[in-house]
Q: 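Right, I'll just put the structure down here and ask away after.
All heavy atoms count here, side chains included; hydrogens, waters and symmetry mates do not. Model, not experiment: these values are computed from the prediction.
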Amino acid sequence: GQIVYSIAEETERGASVGNIAKDLGIDAATLSARKFRMITGSSKQYFNINASTGALSVNEPIDREQLCELKSACLLNYELVLENPLELYRMEFKVLDINDNSPSFPLSEYHINMPEFLSPGARFTLPNAQDLDEGANSVQNYTLSPDEHFYLEMQIRGDGSKYPELVLKKALDREQQATHRLVLTAKDGGNPPKSGDVPVIVTVLDTNDNAPEFEHSVYRASILENSPSGTLVAQVHATDLDEGPNGEVRYSFSNTTSADLQQMFSVHPHTGEVTVNGVLAVQRPLLEMLIEARDNGAFGMSSTAKLLVEITDVNNHGPEITITSLSSPIPEDAAPGTVIALLSILDKDPGENGKVTCQISENLPFQLKPSLQNYYSLVTSELLDRELISEYNITITATDLGSPPLTTQKTVWVQISDVNDNPPIFSADAFDVFVEENNPLGAFLYQVSASDPDIGENGRVSYTLRNSTVAGSALTSFLSMNLANGSIYAKRAFDFEQLRSFHFQVEAKDNGSPALSAAITVNVYISDQNDNAPAILYPTSHNGSVAVEVVPRLADEDYLVTKVVADDEDNAQNAWLSYHLSHASDSTLFQLSPHTGELRTTRSLRSTDFLKHKVVVVVRDHGEPPLSSTVTVGILLADTLPQALPDFDDSGEAPPLLNATNVYLIVSLACVSFIFAAFILFLAVVRL
């Protein structure tokens, strides 16, 4: 909002101006908490605000003439900034003029030279008085001290301005009175009125009775404000009807022209050309100068003309960007529309050259919104995510509408603060852990790991085992976990033969408020070790006795004597079994299948074979190192099961070396060999 106050200049310190809280509808009790502050472009702080009552008072008396010089309206602009929430109010103070300045003349006295032969009605321009006050408090009229030869008359120039002229009422006689001393008084319209006077000394001459006359009473010109030194502004021209030196005209600035304008411009004394003499460091769009034309007579006569110079603005000021308020860092969960900064953008050029457009990059989650005049608010346009972008360098570009346009850039650094909006994330959907049985107590099994893109406490992850049971026992009796790094340790030795696998869940939780968590399943697979020897299930022996198998006395070849059956509680190759004959009383009579464990005869049994045999079978697994078990099998050759089994010991009878059958076989083999040798001999003889 905006509010306007009026205050007279020179108002004493502490005087009340108004109540800003009441006038703007603000609770005065909140001013301090909302960190109120007044912002102005002035070098002095002319006003104060009472933080508890909101009363607005004068802090320092204002001199309107010093502050605003010749401006018709004297305004002071202030901005009141409040935070939480951010608000901006514009205050305008109109400084009212009082009649605190008397009219004054540029010089302490003025001299006029008048030829004695001038006729009544001759006119001489008198100096204008200057009054720093405005309106009715400025100069309103002039008076002249009584004199029988002169009177005062006001004249109006082409632009409407008035000036006094001294008019000759009665012819002069230098021999009677060579000098006339007059007093010119200027009065303002104040109440009470103030005045100022200056002596006017008229010297009577008896030469050169014509003053130069300008072609125009007012000259007008227009130049660019950045015109270089030497640029022609205008050329004035005056003529003098006198001849010779009395008719030669020289041009100069009138004494009433301000000194700063005489430094910025120069007038050629002979040609009347007015040119730029330096930098046009002025803020006024219209400059007023008086050019004096004086002849070269012994007692030179002069006249003045007004030169009005309009300064045309060029776009020589770029926009100025000022950050009035900035909130950084901002939380990443800030809602769209959150105000981040308040910017003031000004351009000192007038008109179109001072109009400014402002923008930021389109690919940023921010936008500029116009606030009060020359103010913009930088607000969020969408949700932020610190994990994607943690800070922004926002470049604000301000461009005026001049030709060519001028551009100013300012970068605002905005940091994004973290909020706990991300739960921990595991690197996989599940973890598989393989551990060998018979592990030592406290053995390291696995380390789970979860990441949290948040920072600080919001990103610090701790790990716990979720309550569950394994094989009827609490999970914590099997495992323990390091809360800080997720390492899992065994609290007991695993036995593959009792527990081959189990699963449990690990929970990862961050330290934010409120805390966020995630869980993952861990599958534990126990791998087998060769820690179990094969167990022989059949044939079985009791109390160290030998297992006995009865075989028919004349059993055929490949007769199944028995089948050794064994089992291994281990797994895979640790449970792959092979069967071997470690010892046999007759190695030529029996054979053992290494894969099936079947014990069979290698030939048909004979009546001459021993009735009692003993074999030792070794069952071996394929573990590393391999484990084995043995069983001793006693074989009884009998057609019927005897009532009492014989005792099988290591001292069995050896079979007879020769018997009738063996003799018969030996004789037959010898005969066949002799016949074959004779046949070979016969063939050899026939061939020869």
Q: Would you say L56 and N48 make side-chain contact, with heavy atoms under 4.5 Å?
A: no
Q: C74: which residues meet the disulfide bond (SG atoms under 2.5 Å apart) condition with it, sequence neighbours left out?
A: C68
Q: Would a 4.5 Å heavy-atom cut-off, applied to side chains only, mark I26 and L31 as touching?
A: yes
Q: Does V233 reach the side chain of T275, with side-chain heavy atoms less than 4.5 Å apart?
A: no
Q: Which residues satisfy the side chain to side chain donor-acceptor pair (under 3.5 Å) test with S462, sequence neighbours excluded?
A: none
Q: What is the minimum heavy-atom distance between I345 and C358, and which atoms define it?
A: CD1-SG, 3.2 Å
Q: Taking only residues two or more places apart in sequence, or in another chain, which ones meet E60 in a salt bridge (Lys or Arg N to Asp or Glu O under 4.0 Å)?
A: K44
Q: Can you list every pair that meets side-chain hydrogen bond (donor to acceptor under 3.5 Å, both in side chains) and has a residue in residues 12-33, with sequence neighbours left out?
A: Y5-D23
Q: With a 6.0 Å cut-off (strictly less than), is the heavy-atom count around CG of N393, excluding the residue itself, greater than 12?
A: yes
Q: Of all residues at least two apart in sequence or in a different chain, which pass the side-chain contact (heavy atoms from CB on, under 4.5 Å) check with P329?
A: Q415, S417
Q: Decide yes or no for Y163 and M154: does some side-chain heavy atom of the first lie under 4.5 Å from some side-chain heavy atom of the second?
A: no
Q: Between R220 and E310, does any side-chain N to carboxylate O distance fall below 4.0 Å?
A: no
Q: Filter on salt bridge (charged side-chain N to carboxylate O under 4.0 Å, His left out), then keep only pairs touching residues 396-422, sequence neighbours left out; what's left?
A: R386-D418
Q: L372 versus Q2: any side-chain heavy-atom pair under 4.5 Å?
A: no
Q: Kindly write out the residues that satisfy side chain to side chain donor-acceptor pair (under 3.5 Å) with S258, not counting sequence neighbours, or none if the list is empty.
A: D260
Q: Around atom NZ of K187, are there more than 12 heavy atoms from other residues, nucleotides or ligands closer than 6.0 Å?
A: no
Q: Only pairs under 3.5 Å count here: list side-chain donor-acceptor contacts from residues 503-516, not counting sequence neighbours, and write none if there are none.
A:
residue : atom : partner : partner atom : Å
Q505    : OE1  : R466    : NH1          : 3.2
E507    : OE2  : R466    : NH2          : 3.2
D510    : OD1  : N420    : ND2          : 3.2
D510    : OD1  : G512    : N            : 3.3
D510    : OD1  : L516    : N            : 2.9
D510    : OD2  : N420    : ND2          : 3.3
N511    : ND2  : E457    : OE1          : 2.2

Q: Can you confirm whether Y142 sits close enough to K162 that some side-chain heavy atom of one is under 4.5 Å from a side-chain heavy atom of the other?
A: no
Q: Just to verify, what does T380 make a side-chain contact (heavy atoms from CB on, under 4.5 Å) with, not counting sequence neighbours?
A: I330, T338, I340, F366, L384
Q: What pairs meet the salt bridge (charged side-chain N to carboxylate O under 4.0 Å, His left out) rule with one or both residues in residues 354-369, with sequence neighbours excluded?
A: E352-K355
Q: Can you classify the ring geometry of F431 versus F426 as parallel (below 30°), tilted (30 to 60°) or perpendicular (above 60°)?
A: perpendicular
Q: May I have all residue pairs that pass salt bridge (charged side-chain N to carboxylate O under 4.0 Å, His left out) and include part of residues 315-342, sequence neighbours excluded?
A: E320-K348
Q: Can you name the nearest heavy-atom pair linking A293 to F214, along with the distance?
A: CB-CZ, 3.4 Å
Q: Test: salt bridge (charged side-chain N to carboxylate O under 4.0 Å, His left out). Region: residues 76-88. Which pairs qualify, not counting sequence neighbours?
A: R34-E87, R37-E83, E79-R90
